[in-house]
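Letters A, B, ... mirror the listed sequences (proteins, then strands); counts begin at 1. Worth knowing before you read on, the calculation uses all heavy atoms, side chains too, and leaves out hydrogens, waters and symmetry mates.
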2 protein chains.
Amino acid sequence: MRISSRCEYGLRAMVYLAGRSGADPVSLSTIASDEGIPMAFLERIMARLRDAGLVVATRGVSGGYRLSRATAEISVADVVAALEGPLSLVGCLPDDHGCDRSDGCASRQVWRRLDEAISDALTGITLSDLTMEAVTR
Amino acid sequence: MRISSRCEYGLRAMVYLAGRSGADPVSLSTIASDEGIPMAFLERIMARLRDAGLVVATRGVSGGYRLSRATAEISVADVVAALEGPLSLVGCLPDDHGCDRSDGCASRQVWRRLDEAISDALTGITLSDLTMEAVTR
DNA sequence: TCGAATCCCAACTCGATTGGTCGGGATTAT
DNA sequence: ATAATCCCGACCAATCGAGTTGGGATTCGA
């Protein structure tokens with residue numbers, strides 16, 4: 001179970017933007033070179049973040065990306081959900097399709113718990129937390 | 001981020017064995033048919049669990065698998081680690097290779113926190129918890 | 001009006017992983 | 001012996017991850 005590069009890069013880019021929040025939009029090439037991320041790949045990542053409504057792009061000469069909301073209003077969970085897809089660990093949680101196995105439910109509780117643990121951990125951190133030089137532990 | 005079938009099947013098999021703990025070994029074919037898992041695939045899974053020291057196999061006519069330890073001594077984290085590999089979210093946590101990026105550390109704290117949350121959630125549940133008909137929440 | 005900077009997008013590659021299957025061994029109780 | 005069982009390496013198809021390529025469409029400034 002490993003975080004994808006997509007997700008790692010995406011969060012880095014968002015933290016980067018959070019550090020420049022309020023200023024002019026930042027171009028793809030700037031983010032990519034400052035963060036050491038392959039530009040064409042970052043482009044795909046930003047497209048997802050845009051589609052999720054987390055960043056706003058402006059095109060043309062001095063265009064670029066900026067955050068769509070205040071840094072305190074964007075959680076890491078938002079970013080991860082936008083990049084990793086639905087983010088539910090096992091298929092049968094929402095639809096609850098029967099659970100015909102006797103111990104299937106027992107195992108499933110594990111995945112549900114884990115789901116909650118992950119969710120709790122990620123929704124509790126916002127980009128503004130990350131721009132301050134230390135996550136309080 | 002999704003749990004693999006391998007892992008799902010593996011935990012189901014372990015819970016199954018936990019429910020019969022202390023009795024005769026259970027054959028692959030029995031587990032597979034009772035749990036609805038493709039037998040040849042389950043065989044590969046059991047091999048990993050055996051290599052991890054979580055189950056013991058005996059061959060020959062009335063052979064099969066049994067747990068190597070008491071159900072309370074096997075955590076879900078043990079099972080998942082045996083089946084999912086190293087289970088660390090991002091490569092640079094143990095070796096800490098520089099962190100030359102300015103905000104790399106900020107993002108990394110997120111992954112470390114998440115790592116802890118997952119680890120805590122999984123080490124806290126043992127097979128004996130799962131054989132009782134309800135995980136206390 | 002032209003061109004450069006910028007975002008937008010679909011298609012492609014390439015290797016690893018997932019989810020299996022297949023075919024034969026080696027062991028052991030009866 | 002023989003049947004039941006685990007053991008194991010090889011194989012396979014589909015998907016996913018991590019990018020790349022090549023071209024658009026927009027917008028600002030000169």
Side-chain angles (χ1 to χ4, degrees), chain A residues 1-13 17 23-68 80 82-87 89-91, chain B residues 1-13 17 23-68 80 82-87 89-91:
Chain A
M1 202 153 40
R2 175 164 240 99
I3 287 295
S4 63
S5 299
R6 187 170 62 207
C7 202
E8 224 180 310
Y9 290 163
L11 183 60
R12 291 237 304 273
L17 288 179
D24 292 333
V26 184
S27 76
L28 207 48
S29 59
T30 303
I31 306 175
S33 75
D34 280 8
E35 285 291 327
I37 300 170
M39 177 166 140
F41 189 32
L42 182 58
E43 186 171 24
R44 316 264 332 257
I45 293 170
M46 296 310 291
R48 287 191 183 224
L49 294 171
R50 167 177 42 80
D51 291 346
L54 298 179
V55 299
V56 173
T58 57
R59 1 193 193 178
V61 167
S62 55
Y65 294 90
R66 59 183 177 78
L67 298 181
S68 67
V80 171
L83 297 173
E84 287 291 294
L87 184 63
L89 291 172
V90 69
Chain B
M1 201 154 42
R2 176 165 240 99
I3 287 295
S4 63
S5 298
R6 188 171 59 206
C7 202
E8 224 181 308
Y9 290 162
L11 183 60
R12 292 238 303 274
L17 287 179
D24 292 333
V26 185
S27 77
L28 207 49
S29 59
T30 304
I31 306 175
S33 74
D34 281 7
E35 286 290 328
I37 300 171
M39 177 166 139
F41 189 31
L42 182 59
E43 187 171 24
R44 316 272 325 260
I45 294 169
M46 295 310 290
R48 287 189 183 225
L49 294 171
R50 168 177 41 81
D51 291 346
L54 298 179
V55 299
V56 173
T58 58
R59 4 192 190 180
V61 167
S62 53
Y65 295 91
R66 59 183 177 77
L67 298 182
S68 68
V80 172
L83 296 173
E84 289 290 292
L87 184 61
L89 292 173
V90 69

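The CD1 atom of Ile45(B) sits 14 Å away from the C1' atom of dT21(C) (whole-angstrom rounding). Look at CD1 on Ile3(A): it is 15 Å from C1' on dA18(D), rounded to the nearest Å. Spacing between atom CG of Asp24(B) and atom P of dT28(C) amounts to 17 Å, rounded to whole angstrom units. Taking atom CE on Met46(A) and atom C1' on dG19(D), their separation rounds to 17 Å, with Å as the unit. Distance CG (Leu28(A)) to C1' (dC9(C)): 13 Å, rounded to an integer number of Å. Leu42(B) places its CG atom 17 Å from the P atom of dT18(C), with the value rounded to the nearest Å. Counting to the nearest Å, the C1' atom of dG19(C) and the CZ atom of Arg48(B) are 11 Å from each other. Distance, Glu8(A) CD to dG19(D) P: 10 Å, rounded to whole Å.
Looking only at distances, no side-chain donor or acceptor of Arg6(A) sits under 3.5 Å from a matching main-chain atom of Glu84(A).
Closest to the side chain of Ser29(B), out of dT5(D), dC7(D), dT6(C), is dT5(D).
Residues Ser4(A) and Tyr9(A) have side chains not in contact (no heavy-atom distance under 4.5 Å, counting atoms from C-beta outward).
At least one side-chain nitrogen or oxygen of Arg6(B) sits closer than 4.0 Å to the OP1 or OP2 atom of dT18(C). Within the structure, a side-chain polar atom (N or O) of Tyr9(B) is placed less than 4.0 Å from OP1 or OP2 of dG20(C). The side chain of Ser5(A) places an N or O atom within less than 4.0 Å of a non-bridging phosphate oxygen (OP1 or OP2) of dA18(D).
Listed by residue number, there are no residues of residues 49-58 of chain A with a heavy-atom contact under 4.0 Å to DNA chain D.
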Could you list the donor-acceptor pairs under 3.5 angstrom formed by side chains in residues 41-66 of chain B, with sequence neighbours left out?
unit_1   : atom_1 : unit_2   : atom_2 : d
Arg48(B) : NH1    : Leu83(B) : O      : 3.3
Thr58(B) : OG1    : Gly64(B) : N      : 3.4

A correct 5'-to-3' footprint of nucleotides 20-29 of chain D, with B, S and - meaning base, sugar-phosphate only and no protein heavy atom under 4.0 Å, is BB--BBBBB-
